[in-house]
Every structure is written in C-alpha cells, then in structure tokens.
Amino acid sequence: MSKNKGAKANLVLKGKEGFEKYYSDLYGLRWPLLKEALVKDSVYATLYCGGTEKYYLDPASVFAAMQLPLTGATRILDMCAAPGGKTLVLAGRMDEDAVLVSNERSQNRKQRLVTVCDTCLPPNIRERIKISCSDAAKWCTTQKECYERILLDAPCSSERHVLNDEKYLADWSPNRIKSLAMEQWALLSCAYRLLEPDGYLLYSTCALAKAENDGVVERLLKKFDDVEFCFRENEPIIPEDYARTCKMDFIPKTERTEYGFHILPDMQSGAGPIWFTLVHKKNR
C-alpha cells in the first residue's frame, strides 16, 4: 500500500463514517439491525431493595451482576460502582454479615452513588456499604488478596451512548478503543491481585468491541496461571431468588463468545449491550 493510500485508510476510520465501517466490519450483516436497536430507547428492570426509592437498571446489567456468587463472602468490592445500580444488586443479595466496598474515582459520580445508596437501601444494609473515591487501578500497589468477591464493570466505549450523541460520534476513532482497553487491563489486572485465592471476579463492560472484552480477559489468562473460567461448559442463569428485589418483564438470553457472554439488544428486546465473564482464582 502506498503512503497516500495508507493515510486515506486511517482517515476513513474516524467520526461517523469510521464508526460505521469499524462496527460493520465487526458484525457484518447483523450490524444494521444491531445499530437500529442501539438508537432506540433503553429498557429497564425495577430494583427495590427496601429503601425509600426504586432504581431502574437495564435487565442485561441485572443479569450480569447476579452472576457473581455471594453466599459465604464477607468482603466484597464493586470497583467502578457509579451510578450504583450494580451495587444495589450486590447489596440486595449479600449475606447479613457481609461488607461491600463501592468505589468510584470521579467525585461527581461518587456523589450520585452516595445518593442512590442512601435512598434505595434500608439502614441495616446501607450501614454495611462503604463508599470510597479513588483510582482503583492503583490499589494493588498497597494491598493484595483482600476481597473474596469483586465486580469490575469497567469504563468502556459505550457505543450505545456514542451513537446517540452527535459530538461523541464525530470525535470517535479506533484510538478510543485502544486507550480504553489499556485502562481496562490496568483495572482488571489490579482487581485480580486484590482477589483472594478461591475468590470470584466478575468483569463486565457495555462495549461491543472484542478488544475491550475477550481481548482484555485473554491477557489475564496469559498473565496469571491460576485463572479459571466458570462458564466453560455451563450457561449462566439468573438466581431463582432474583424476584425478591427485582422485577423484570423478561430474562435476557446470552450469546457465547471466546471467554464470556454478550447480551445484545437486537436479539433481546432492547436489553443490553453488556459483555461479562466470571473467573475463579484457584487455591494455591
């Protein structure tokens, strides 16, 4: 390829046209229907955890968060917790002697997290939610193997939001995916170091790109020799007791990827997108 042709190819993958080409190449004939579903209004499940207010969360996010097994765990971390929906899912399911640390690095988003916990949780659960505000990707420099369960819903491309915002769409480029994948790896590798042996880590994003999902988790498998994927043979299912705190019109179905599962809105009545996987740190 000549120098001029190479420069032209790079220019194409920018903005609205670049976004369209990138995801069309990724999803092929499915892309038009998927894009149409992404620009429609989101669907919501209703969470009621015993507080003064209800909370509305995408049923795909509820499904993913409920994959983290909590029975018997007393030290739980929600690593990137704001605005707080997945914290509520964890709080409503954790044991009575469990403590949940919900962290958010943004001060403004942390205030939203505090408000959600204050209004949506009853006092006996709220008092066991410890909210912090810092960059969790750095925690492993001062501590390790101190949580039995970790949920990492990592910052991601969030293509649904990009498609519905002309400014973000005009600014889009593949470099966004690359930089986010680096950030996600920093968070995931730190989270794994914070996880106790025999502990469980749920990693999720609302991204469509493999580089932010399977690609990040593949690095975990190459870096650590005690990683075990929990759904190699079985499909994830929602716990039978979910209806105690959640009302959903339907339970979304998953699509298997190399290391995890996608829930995509074109096939699931508008739910998603979300990608998730559950890993277990083997006892040494």
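Note: Lys167 NZ to Asp171 CG = 4.5 Å, rounded to the nearest 0.5 Å. Distance check, rounded to the nearest 0.5 Å: CG of Leu163 to CD of Glu36 gives 12.0 Å. Atom SG of Cys190 sits about 8.5 Å away from atom CH2 of Trp139, to the nearest 0.5 Å. Here CG of Leu100 is found 12.0 Å from OG1 of Thr74. Values are rounded to the nearest 0.5 Å. Atom CD1 of residue Ile251 and atom SG of residue Cys246 lie 9.0 Å apart, to the nearest 0.5 angstrom. Taken to the nearest 0.5 Å, the OG1 atom of Thr254 stands 5.0 Å off from the CZ atom of Phe261.
Asn103 places a side-chain N or O within donor-acceptor distance of the main-chain N or O of Ser134, the cut-off being under 3.5 Å. Ser173 places a side-chain N or O within 3.5 Å of a backbone atom of Asn175 that can act as its donor or acceptor partner. The backbone N or O of Gly51 lies less than 3.5 Å from no partner atom in the side chain of Lys54, so there is not a single donor-acceptor pair. Glu148 places a side-chain N or O within 3.5 Å of a backbone atom of Arg75 that can act as its donor or acceptor partner. Looking at Lys144, its side chain never comes within 3.5 Å of a backbone N or O of Leu194 through a donor-acceptor pair. A donor-acceptor contact shorter than 3.5 Å is absent between the side chain of Glu17 and the backbone of Leu13.
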Listing, residues 235-245 side-chain donor-acceptor contacts under 3.5 Å, not counting sequence neighbours, or none:
from	atom 1	to	atom 2	distance (Å)
Glu235	OE2	Arg256	NH2	3.1
Asp241	OD2	Arg244	NH2	3.3

Contacts table for residues 263-277: side-chain donor-acceptor under 3.5 angstrom, sequence neighbours left out:
from	atom 1	to	atom 2	distance (Å)
Asp266	OD1	Arg30	NH2	3.0
Asp266	OD2	Arg30	NE	2.7
Asp266	OD2	Arg30	NH2	3.4
Gln268	OE1	Lys253	N	2.9
Trp275	NE1	Thr257	OG1	2.9
Thr277	OG1	Tyr259	O	2.6

Contacts under 3.5 angstrom, residues 206-213 side chains, donor-acceptor by atom type, not counting sequence neighbours:
from	atom 1	to	atom 2	distance (Å)
Glu212	OE1	Ser157	N	3.0
Glu212	OE1	Gln184	NE2	2.9
Glu212	OE2	Ser157	OG	2.4
Asn213	OD1	Thr205	OG1	2.6
Asn213	ND2	Ala207	O	3.1
Asn213	ND2	Ala209	O	3.2

Ignoring hydrogens and angles, write down the donor-acceptor pairs under 3.5 Å from the side chains of residues 219-226, residues two or more places apart or on other chains.
from	atom 1	to	atom 2	distance (Å)
Asp226	OD1	Tyr192	OH	2.9
Asp226	OD2	Arg284	NH1	3.0

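Cluster annotation: Val43 and Leu38 are assigned to distinct hydrophobic clusters (Ile/Leu/Val/Met/Phe/Trp/Tyr, side-chain heavy-atom contacts under 4.5 Å, transitive). Under the 4.5 Å side-chain heavy-atom criterion for ILVMFWY residues, a single connected hydrophobic cluster contains both Leu90 and Leu113. If you chain together hydrophobic residues whose side chains sit under 4.5 Å apart, Leu68 and Phe231 fall into the same group. Under a hydrophobic-cluster definition in which Ile, Leu, Val, Met, Phe, Trp and Tyr are linked whenever side-chain heavy atoms come within less than 4.5 Å, directly or via other members, Leu278 and Ile76 are assigned to the same cluster.
The list of salt bridge (Lys or Arg N to Asp or Glu O under 4.0 Å) pairs with a residue in residues 151-160, not counting sequence neighbours, reads Lys86-Asp153. The salt bridge (Lys or Arg N to Asp or Glu O under 4.0 Å) analysis of residues 56-66, with sequence neighbours excluded, yields no pairs. Counting only residues at least two apart or in different chains, salt bridge (Lys or Arg N to Asp or Glu O under 4.0 Å) contacts with residues 94-108 comprise Glu104-Arg109, Arg105-Glu183.
With sequence neighbours left out, Glu258 forms a side chain to side chain donor-acceptor pair (under 3.5 Å) with no residue at all. For Trp185, there are no ring-ring contact (aromatic ring centres under 6.0 Å, His included) partners at least two apart in sequence or on another chain. Remark: Tyr200 engages His280 in a ring-ring contact (aromatic ring centres under 6.0 Å, His included) (not counting sequence neighbours). Every residue meeting the side-chain contact (heavy atoms from CB on, under 4.5 Å) condition with Arg126, not counting sequence neighbours, appears here in chain and number order: Val114, Cys117, Asp118, Leu121, Ile129, Ile131.
Between Ser132 and Val101 there is a side-chain heavy-atom pair separated by less than 4.5 Å. By the 4.5 Å heavy-atom criterion applied to side chains, Cys230 and Val279 are not counted as neighbours. The side-chain heavy atoms of Pro252 and Phe250, taken from C-beta on, include a pair separated by under 4.5 Å. When side chains are defined from C-beta on, Leu202 does not count as touching Leu152, because their heavy atoms never get closer than 4.5 Å. Side-chain atoms of Thr52 and Cys120, non-hydrogen and from C-beta on, never get closer than 4.5 Å to each other. Leu77 places none of its side-chain heavy atoms less than 4.5 Å from the side chain of Leu151. Annotation: side chain of Ile177 is in contact with side chain of Trp172 (closest heavy-atom distance under 4.5 Å).
For the residue pair Met94 and Ala98, the shortest heavy atom distance occurs at CE-O, 3.8 Å. Shown here for Ala191 and Ile150, the closest heavy-atom pair between the two residues is O-CD1, 3.2 Å. Counting all heavy atoms, side chain and backbone alike, Val99 lies closest to Lys130 at CG1-CG, 3.8 Å. When all heavy atoms of Leu187 and Pro155 are compared, the pair lying nearest together is CD1-CD, 3.6 Å. Shortest non-hydrogen contact noted between Pro197 and Asn283 is CB-OD1, 3.6 Å. Scanning all heavy atoms of the two residues, the minimum distance from Gly85 to Tyr55 falls at CA-CE2, 3.4 Å.
Using a cutoff of 4.0 Å between basic side-chain nitrogens and carboxylate oxygens, Arg149 and Glu196 are not scored as salt-bridged.
For Lys282, the NZ atom is densely surrounded, since the number of other residues' heavy atoms within 6.0 Å is greater than 12. More than 12 heavy atoms of other residues, nucleotides or ligands shown are found within 6.0 angstrom of CZ on Phe229.
Membership of the apolar cluster around Tyr44 extends to Tyr56, as traced through chained side-chain contacts below 4.5 Å between ILVMFWY residues.
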Side chain to side chain contact (heavy atoms under 4.5 Å, CB included) between Val216 and Tyr203, worked out: CA-CA 10 Å; Val216 176; Tyr203 173 75; 4.0 Å; yes

Worked verdict on Met66 versus Val89 for side chain to side chain contact (heavy atoms under 4.5 Å, CB included): CA-CA 7 Å; Met66 284 193 172; Val89 175; 3.7 Å; yes

Verdict with reasoning, Val39 to Asn164, per side chain to side chain contact (heavy atoms under 4.5 Å, CB included): CA-CA 6 Å; Val39 298; Asn164 285 284; 4.0 Å; yes

Verdict with supporting geometry, Thr87 and Ser102, side-chain hydrogen bond (donor to acceptor under 3.5 Å, both in side chains): CA-CA 7 Å; Thr87 280; Ser102 290; 2.9 Å; yes

